[in-house]
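One structure coming up, written as structure tokens, with questions to follow.
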Number of protein chains: 2
Amino acid sequence: MPRQRGWWKRRLRGRGCRLTVPRQAILELLSKSSEHLSAEDIYFKVKKIYPAIGLTTVYRTLELLVNMGVVSKFDFGDGRARYELAANSEDEENHHHHLICTSCGKVINYTDFVNQEKELIEKTENKLATKYNFEINNHQIQFYGICPNCKK
Amino acid sequence: MPRQRGWWKRRLRGRGCRLTVPRQAILELLSKSSEHLSAEDIYFKVKKIYPAIGLTTVYRTLELLVNMGVVSKFDFGDGRARYELAANSEDEENHHHHLICTSCGKVINYTDFVNQEKELIEKTENKLATKYNFEINNHQIQFYGICPNCKK
DNA sequence: TTTGCTATTGAAAATCATTTTCATAAACAT
DNA sequence: ATGTTTATGAAAATGATTTTCAATAGCAAA
Ligand SMILES: [Mn+2]
Ligand SMILES: [Mn+2]
Ligand SMILES: [Zn+2]
Ligand SMILES: [Zn+2]
């Protein structure tokens, strides 16, 4: 059982990356937030705890974490990337799909998959992997529509 | 049975939009291309047939067509939006999902859905529509991985 | 602990896709 | 044909993300 705190430290070190204060501050923040934060959102929030942080570092750290698979990056069409933790701890995954309002931009996470959903995705992955000789390691699914508020 | 050519003319006019030369040139091009074109790609290609075209107009036209549902806009993570015709004619749909190489950016369309795929998506749509009171009218699915070329 | 190497940082400047502005031109209802 | 808009294109503005570069801080080794 991995420790609840700092499970990413080994991951960083394992990659030969240094365990710096800004990186820890960013990860600390992300693990407490559930929203879909932009780089700037993260910058301002981290700044409250660690005022020396630079926006550049936020971008660089996010890129690193995305490459490591620790953070997921999304584009919901409003011109800025959104980030969120891909996993809540070493083993616990945080995988979900999105429901997006094309009118106001509201984004909803949904994890209550239809029973067959997971298994179908796996099946599809396998089929695609075979047919196109791809090594598939991730996917995104999003539904677009009009939210209750914008319907009125 | 709608005419093969110019089925979008009525659609534009139906919206109270004018049927201009630039718009027709852009639609003409899109209907001949199968790739995932950026606004700039489209700009240069259209320029060959209609040299007076402006990049601004390309952006504006694409936005209009996306709002009309005639064109689909995608973000494959390379910093520029990609566009393609959402339908090849009045009734014929061109819906498909994507397989994206995270190493070189190669994008593959796939339409050979697993049998249950379509029906599951509908089922999921209905479930989400009910649960979150959303009016769902579109979706995107993409799988990320490493393409044959990048594996080597 | 101290040292030395090198990855990392932050500020400022640069990039670059997309948007806005604005004067002119083209659609099209009449 | 005419007049009213809508649409266009050039140029400038915007704004998110990247690059540059000198200074700093992690950390492996002594
Ligand atoms: Mn999410
Ligand atoms: Mn496609
Ligand atoms: Zn909404
Ligand atoms: Zn590739």
Side-chain angles (χ1 to χ4, degrees), chain A residues 6 8-29 36-68 70-71 73-83 105, chain B residues 6 8-29 36-68 70-71 73-83 105:
Chain A
W8 51 68
K9 296 187 180 178
R10 3 173 144 166
R11 281 241 218 165
L12 279 169
R13 303 289 13 257
R15 267 215 163 196
C17 291
R18 291 183 181 174
L19 198 56
T20 68
V21 175
R23 283 176 182 166
Q24 294 185 72
I26 290 168
L27 276 162
E28 197 64 39
L29 173 75
H36 303 95
L37 302 170
S38 67
E40 206 185 22
D41 290 338
I42 294 166
Y43 169 64
F44 284 122
K45 294 203 180 211
V46 170
K47 215 168 168 54
K48 287 180 183 168
I49 335 173
Y50 182 70
I53 192 80
L55 181 55
T56 309
T57 299
V58 173
Y59 275 107
R60 276 187 296 230
T61 301
L62 289 170
E63 188 191 7
L64 173 68
L65 296 174
V66 168
N67 287 336
M68 288 174 60
V70 172
V71 163
K73 181 180 182 178
F74 297 98
D75 168 60
F76 296 132
D78 67 339
R80 53 185 59 189
R82 302 279 166 173
Y83 302 86
Chain B
W8 51 67
K9 295 185 181 179
R10 6 174 144 163
R11 282 241 217 163
L12 279 170
R13 302 285 21 253
R15 267 215 164 198
C17 292
R18 294 182 180 174
L19 199 57
T20 67
V21 176
R23 283 175 183 167
Q24 293 185 73
I26 290 168
L27 276 162
E28 198 63 41
L29 172 75
H36 302 96
L37 303 170
S38 67
E40 206 185 21
D41 290 338
I42 294 167
Y43 170 66
F44 284 123
K45 295 205 181 208
V46 170
K47 216 170 167 55
K48 288 180 184 166
I49 335 172
Y50 183 71
I53 192 81
L55 180 54
T56 309
T57 299
V58 173
Y59 275 107
R60 276 188 294 230
T61 301
L62 289 171
E63 188 190 6
L64 173 68
L65 296 174
V66 167
N67 286 336
M68 289 173 59
V70 171
V71 163
K73 180 180 183 179
F74 297 98
D75 168 60
F76 297 132
D78 68 339
R80 54 185 60 191
R82 303 280 166 172
Y83 302 85

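We name chains A, B, ... by the order of the sequence lines, and we start the count at 1 in each one. Predicted model, so just to flag it, every value in this text is computed and none were measured.
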Legend entry - Pairs satisfying salt bridge (charged side-chain N to carboxylate O under 4.0 Å, His left out), at least one member in residues 41-60 of chain B, at least two apart: B/E35-B/K45, B/D41-B/R82
Inset, instruction - Would you mind reading off the distance between B/L64 atom CG and D/dT8 atom C1', rounded to a whole angstrom? - result: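 Rounding to the nearest Å, CG of B/L64 and C1' of D/dT8 are 14 Å apart.
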Inset, instruction - Would you kindly give the CG-to-C1' distance between B/L65 and D/dA7, to the nearest whole Å? - result: 14 Å
Inset, instruction - Starting at atom CZ of A/F44, determine the distance to atom P of D/dA16, rounded to an integer number of angstrom. - result: 10 Å
Legend entry - Side-chain heavy atoms of A/K73 within contact of A/V71, under 4.5 Å: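 A/K73 does not reach A/V71 side chain to side chain.
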Legend entry - Nucleotide D/dT14, atom P - distance to CZ of A/R80 in whole Å: 16 Å
Legend entry - Between P of D/dT18 and CG of B/D78, the distance in whole Å: 12 Å
Legend entry - Among A/T56, A/V58, A/I26, side-chain contact (heavy atoms from CB on, under 4.5 Å) partner for A/Y43: A/V58
Legend entry - Where A/M68 and A/R11 come nearest, the two heavy atoms and their spacing: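 Shortest heavy-atom contact: O-NH1, 3.5 Å.
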Legend entry - Bounds of contact between DNA chain C and chain A, in 5' to 3' order, using a heavy-atom cut-off under 4.0 Å: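 Listing 5' to 3', DNA chain C meets chain A from C/dT6 to C/dA12.
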Inset, instruction - Calculate the interatomic distance between A/R60 atom CZ and D/dT18 atom C1'; express it in whole Å. - result: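 One finds 9 Å between C1' of D/dT18 and CZ of A/R60, rounded.
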Legend entry - Out of D/dT17, D/dT8, D/dA10, whichever nucleotide has its closest atom nearest the side chain of A/L55: D/dT17
All N/O pairs under 3.5 Å across the protein-nucleotides 23-30 of chain D interface:
from   : atom 1 : to    : atom 2 : distance (Å)
D/dG26 : N2     : A/R18 : NH2    : 2.9
D/dG26 : N3     : A/R18 : NH1    : 3.3
D/dC27 : OP1    : A/R13 : NE     : 3.4
D/dC27 : OP1    : A/L19 : N      : 2.7
D/dA28 : OP1    : A/R13 : NH1    : 3.1
D/dA28 : OP1    : A/R13 : NH2    : 3.4

Inset, instruction - Would you indicate whether the side-chain heavy atoms of A/L62 and A/I42 approach each other to under 4.5 Å? - result: yes
Legend entry - Interatomic distance, B/L29 atom CG to B/Y50 atom OH [nearest 0.5 angstrom]: 15.0 Å
Legend entry - Spacing between B/L12 atom CG and D/dA7 atom P, to the nearest angstrom: 9 Å
Inset, instruction - Would you mind reporting whether B/L12 and B/L64 have side-chain heavy atoms less than 4.5 Å apart? - result: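 Yes, side chains in contact.
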Legend entry - Sugar-phosphate only, base, or nothing, as touched by A/R23 at under 4.0 Å among non-hydrogen atoms: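 Answer is sugar-phosphate: A/R23 comes under 4.0 Å of backbone atoms only.
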Inset, instruction - Please confirm whether the backbone N or O of B/I53 pairs with a side-chain atom of B/T57, one donor and one acceptor, at under 3.5 Å? - result: no
Inset, instruction - Would you check if B/Q24 and B/L27 make a side-chain contact, meaning some heavy-atom pair closer than 4.5 Å? - result: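 No, too far: nothing below the 4.5 Å cut-off.
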Inset, instruction - Round to the nearest Å and state the distance from B/L62 atom CG to D/dT8 atom P. - result: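 Rounding to the nearest Å, CG of B/L62 and P of D/dT8 are 12 Å apart.
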Inset, instruction - Check whether any side-chain N or O of B/T57 sits under 4.0 Å from OP1 or OP2 of D/dG9, and answer yes or no. - result: yes
Inset, instruction - With heavy atoms under 4.0 Å as the rule, sort A/Y50 into base, sugar-phosphate or nothing. - result: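 Sugar-phosphate contact only.
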